[in-house]
Amino acid sequence: MVLAAEPLYVLVDTAVVGHLGRVPLAALAVGGVVLGLAAWFGIVIAYGTTGRAARHYGAGSRADAVAEGVQASWLALALAALMLMSIEVLAGLRIAALGIPGLLLATAGNGWLRGVQDTRRPPRYILGANLLSAGLCPLLVYGAGLGLSGSAVANAIAQTLSGALFVRALVAERVPLRPHPRLLRAQLVVGRDLVLRGAAFQACFLSATAVAGRFGGAALGAHQIAFQLWSFCALVLDAVAIAAQSLVGAALGAADATAARALARRIARVGLLCGAAFAVVILAGAGVLPRLFTGDPEVYRQAMRAWPWFAGMQPAAGVVFALDGVLIGAGDLRFLRDLTIGAALGGFLPAIWLAYGLRLGLGGIWAGLALFVLIRLVAMLARTGTGRWAVVGAP
């Protein structure tokens, strides 16, 4: 629910602003890209916090687990200040940018609450704030006549409220709230590895879009349809990965490597089943799903060139996402960083540019994405099979 709340709100916001005309809608798109970058950094903070907090929680020290949340919140505030200054100078998104501190504080809060296995409060905080924003948006845009600024105000209010709720939960734990340099440095190292890993993903996705564009508008449109559906599947599978971060981190913190390895196997099976279910739905919906997004027969024909690869990779992708969560929860981030960069440079990027050179079309691009997933799957299965990742104790 937490992962789905923000994309669903963006759909509502887009629908409201879209009726103002093409210029406000284009402005919303620009703002969405900038704020999307803030959200991505927030996810990095959350992922880095969950595994460390879970280890402390598993070791029986809730106070130390919450302390990780305190330091993550300081990192969130520092990053928010940096982004606010940059956006003011470069983008001028003055109203929307005011919500960035709340957005980043909320992701930090999500991180430590997942670490202590409290998954009840985050949905209430996130959904409550987004429902408020969804209600305020049309009232401010149309009722108050604020137009696009009304959308930005509603968004900033929701993000600030959400961040404040997570800060209140942190303060209620009655732990010291001062910055701790050693913990901050440790979290920065974790964040560095996750940022580099994420940059490799972004390089792959941007390159795929660039190559698809060279095959023409229909191919690019079909790629967009397939990629957005793939992103939706990834969103659901990411929920499995986040659960893995918390459960595996807690098991290792409790010095129970046997339980951690058993969890890894069970979570991998859950990922496989989810991926297989997606594959069945995608194959069965081949004649329907693309047509929900386009009535252009050439775009549909191009989508069918990607469809077998898109559907076929889902079971493997399910296992990869699950084991991603296992290894992030175990703190095996250097391995994940190196694997992702290696799979990108040694597999995906050469494959899609070869597809361009040989004029293999959209099918070649998605074959490259399948290769990217397969390389990571083989390496992760080998890694988890050795058990070297299951290092017990506090972070």
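Below, all heavy atoms of this structure are taken into account, side chains as well, without hydrogens, waters or symmetry copies. Please read these numbers as outputs of a predicted model, since none were measured by experiment.
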Salt bridge (charged side-chain N to carboxylate O under 4.0 Å, His left out) pairs, two or more places apart, involving [range]:
range	value
residues 285-298	E298-R301
residues 215-224	none
residues 383-395	D332-R383
residues 75-87	none

To the nearest 0.5 Å, what is the distance between [atom1] ([X]) and [atom2] ([Y])?
X	Y	atom1	atom2	answer
T49	N110	OG1	CG	10.0 Å
W112	L170	CH2	CG	5.5 Å
W389	T384	CH2	OG1	7.5 Å
L37	I100	CG	CD1	8.5 Å
L323	I328	CG	CD1	11.0 Å
W74	L105	CH2	CG	10.0 Å

Which pairs of donor and acceptor atoms, one on a side chain in residues 338-366, lie under 3.5 Å apart (sequence neighbours left out)?
| from | atom 1 | to | atom 2 | distance (Å) |
| --- | --- | --- | --- | --- |
| T340 | OG1 | L336 | O | 2.8 |
| W366 | NE1 | H223 | ND1 | 3.1 |

Please report the closest heavy-atom contact between [X] and [Y], naming both atoms and the distance.
X	Y	answer
G285	P290	O-CD, 3.8 Å
A80	P101	CB-CA, 3.7 Å
V281	L289	O-CD1, 4.4 Å
L20	P24	CB-CG, 3.7 Å
Q314	C233	OE1-CB, 3.7 Å
L184	P179	CD1-CB, 4.0 Å

Flag side-chain contact, heavy atom, 4.5 Å: [X] against [Y]:
X	Y	answer
H56	R62	no
P315	F278	no
I242	L3	yes
L136	N155	no
Q302	F215	no

Quick check: does any side chain N or O of [X] sit under 3.5 Å from a backbone N or O of [Y], one acting as donor and the other as acceptor?
X	Y	answer
S133	A154	yes
S231	F227	yes
Q71	R178	yes
Q187	L75	no
T50	G111	yes
S61	Y57	no

(request) Could you walk me through whether F41 and T107 pass side-chain contact (heavy atoms from CB on, under 4.5 Å), step by step? (result) CA-CA 9 Å; F41 278 116; T107 54; over 6 Å; no
(message) Taking the six-membered ring for Trp, are W307 and Y300 closer than 6.0 Å centroid to centroid?
(response) no
For residues 244-258, tabulate all N or O donor-acceptor pairs below 3.5 Å that involve a side-chain atom, not counting sequence neighbours.
| from | atom 1 | to | atom 2 | distance (Å) |
| --- | --- | --- | --- | --- |
| S246 | OG | R114 | O | 2.6 |
| D256 | OD1 | A259 | N | 3.0 |

(request) Scan I267, L237, V240 and name whichever one has a side chain to side chain contact (heavy atoms under 4.5 Å, CB included) with F321. (result) L237
(request) In plain terms, say whether R197 and D324 are close enough for a salt bridge, that is, a side-chain N and a carboxylate O under 4.0 Å apart. (result) yes
(request) May I ask you to decide whether R55 forms a salt bridge with E68, counting only side-chain N to carboxylate O separations under 4.0 Å? (result) no
(request) Could you name each residue pair satisfying side chain to side chain donor-acceptor pair (under 3.5 Å) that touches residues 202-212, not counting sequence neighbours? (result) none
(request) Kindly give the cluster partners of L127, where membership spreads through any ILVMFWY side chain lying under 4.5 Å from a current member. (result) M1
(request) Check whether more than 12 heavy atoms from other residues, nucleotides or ligands sit under 6.0 Å from atom CH2 of W309, and answer yes or no. (result) no
Between side-chain atoms of residues 138-153 and protein atoms elsewhere (two or more places apart, or another chain), which donor-acceptor pairs fall under 3.5 Å?
| from | atom 1 | to | atom 2 | distance (Å) |
| --- | --- | --- | --- | --- |
| Y142 | OH | V16 | O | 2.5 |
| S151 | OG | D13 | OD1 | 2.6 |
| S151 | OG | D13 | OD2 | 3.1 |

For the hydrophobic clusters of this structure (ILVMFWY residues joined by side-chain heavy atoms under 4.5 Å, transitively), does one cluster hold both [X] and [Y]?
X	Y	value
M83	L103	no
L188	L183	no
F205	L235	yes
F166	V171	yes
I43	V326	yes

(message) The criterion is side-chain contact (heavy atoms from CB on, under 4.5 Å); which residues satisfy it with I225, sequence neighbours excluded?
(response) L229, F293, T294, V299
(request) Mind checking side-chain hydrogen bond (donor to acceptor under 3.5 Å, both in side chains) for R305 and listing every partner two or more places apart, or none if nothing turns up? (result) none
(message) Which residues pass the ring pair (Phe, Tyr, Trp, His ring centres under 6.0 Å) test with Y47, not counting sequence neighbours?
(response) none
